[in-house]
Amino acid sequence: MQLKLYKRSTLLLTIVVLIDIISIVLLLTNRQLWANNKATTIFVFVLFIFILSLIYSHYDLNADKNLIKKRVSNGDVALARIKGGSFVRFARDARLRNHVYWKLDVEVYDNDMNNFDTTIIEKFSTHQTSIPSGYVYVTYLPDKKDECLIIPNVIISSIPEYKPLVDDYEKALKPKYLNAYVNDGLILQTYKDSIEASKKDN
């Protein structure tokens with residue numbers, strides 16, 4: 001799903017750039033229409049470009065977060081076991097921060113404990129240099145099995161309504177969770193590695 005969001009963001013950026021170029025061309029080829037109102041015209045143009053840039057930046061920086069919130073609030077959540085991953089590509093966001101995309105091999109368990117294998121592409125912090133094995137919660141739609149998004153642990157743990165579902169998973173599967181959190185992008189760690197990293201920071 002992250003790769004689809006990246007492609008949509010790239011398309012939106014392309015549209016914004018084209019609109020900017022067309023606007024500049026129209027202004028330059030029609031100077032006589034605004035020659036007597038230069039200050040107002042330039043101010044409106046700059047404001048227009050600024051608003052377009054804000055729209056692009058807001059989408060690029062928040063599309064995945066908003067989608068996760070929407071699906072979690074709709075109850076579209078499942079448990080997934082990450083079996084491994086492979087590097088896909090680097091990319092930058094609207095703030096020029098680098099991210100790395102990994103393709104993950106996962107086994108997803110729906111709310112009825114039915115399982116299936118699939119691959120998903122997820123966007124991570126550049127601190128993510130390898131993919132550990134373990135369990136995470138993901139967004140899940142039955143008709144879009146390859147569009148899962150990893151849910152940071154803090155989101156699931158902060159919603160009391162999910163406790164019965166979490167208890168069911170833990171009774172049935174006894175999952176060994178990974179620590180999924182956000183720090184300049186998504187990071188996955190075993191809890192042992194998280195504790196060791198925390199000790200080094202302190």
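The structure displayed is predicted, hence computed values, not measured ones.
Donor-acceptor pairing under 3.5 Å is recorded for the side chains of Tyr177 and Glu170. No side-chain N or O of His127 forms a donor-acceptor pair with one of Asp184 less than 3.5 Å apart.
In this structure, Phe116 places its CZ atom where more than 12 heavy-atom neighbours from other residues, nucleotides or ligands lie under 6.0 Å away. With a 6.0 Å radius and a threshold of 12 heavy atoms from other residues, nucleotides or ligands, Lys144 has its NZ atom at or below the threshold.
Looking only at distances, a side-chain donor or acceptor of Gln128 sits under 3.5 Å from a matching main-chain atom of Ser130. A donor-acceptor pair is defined here as one N or O able to donate and one able to accept, closer than 3.5 Å; such a pair exists between the side chain of Thr139 and the backbone of Leu149. Within the 3.5 Å criterion, the main-chain N or O of Asn114 finds no donor-acceptor partner in the side chain of Asp112. Judged by distance alone, the side chain of Tyr162 and the main-chain N or O of Val72 form a donor-acceptor pair under 3.5 Å. Between the Gln189 side chain and the Leu178 main chain, no donor and acceptor come within less than 3.5 Å of each other. A distance-only check finds no donor-acceptor pair linking the side chain of Tyr109 to the backbone of Arg81 [under 3.5 Å].
In the hydrophobic cluster analysis, where Ile, Leu, Val, Met, Phe, Trp and Tyr join through side-chain heavy atoms closer than 4.5 angstrom, Ile121 is grouped apart from Phe124. Linking Ile, Leu, Val, Met, Phe, Trp and Tyr whenever their side-chain heavy atoms come within less than 4.5 Å leaves Ile55 and Val17 in two separate clusters. Linking Ile, Leu, Val, Met, Phe, Trp and Tyr whenever their side-chain heavy atoms come within less than 4.5 Å leaves Ile151 and Val182 in two separate clusters. Using a 4.5 Å cut-off between side-chain heavy atoms of Ile, Leu, Val, Met, Phe, Trp and Tyr, with links allowed through other members, Ile150 and Ile156 fall into different hydrophobic clusters.
Separation of the Tyr6 and Tyr101 ring centroids falls under the 6.0 Å cut-off.
The only member of Asp60, Asp64, Thr14 that meets side-chain hydrogen bond (donor to acceptor under 3.5 Å, both in side chains) when paired with Ser9 is Asp60.
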Scan the side chains in residues 31-48 for donor-acceptor partners under 3.5 Å anywhere in the protein, sequence neighbours excluded, and list what turns up.
unit_1: Trp34; atom_1: NE1; unit_2: Leu27; atom_2: O; d: 2.9
unit_1: Trp34; atom_1: NE1; unit_2: Asn30; atom_2: O; d: 3.2
unit_1: Thr41; atom_1: OG1; unit_2: Asn37; atom_2: O; d: 2.8

Asp117 and Val106: side-chain contact (heavy atoms from CB on, under 4.5 Å), yes or no, with the steps?
-> CA-CA 6 Å; Asp117 292 323; Val106 300; over 6 Å; no
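Because its NZ or CZ atom is not both nearer than 6.0 Å to the ring centre of Tyr140 and within 45° of the ring axis, Lys145 does not count as a cation-pi partner of that residue.
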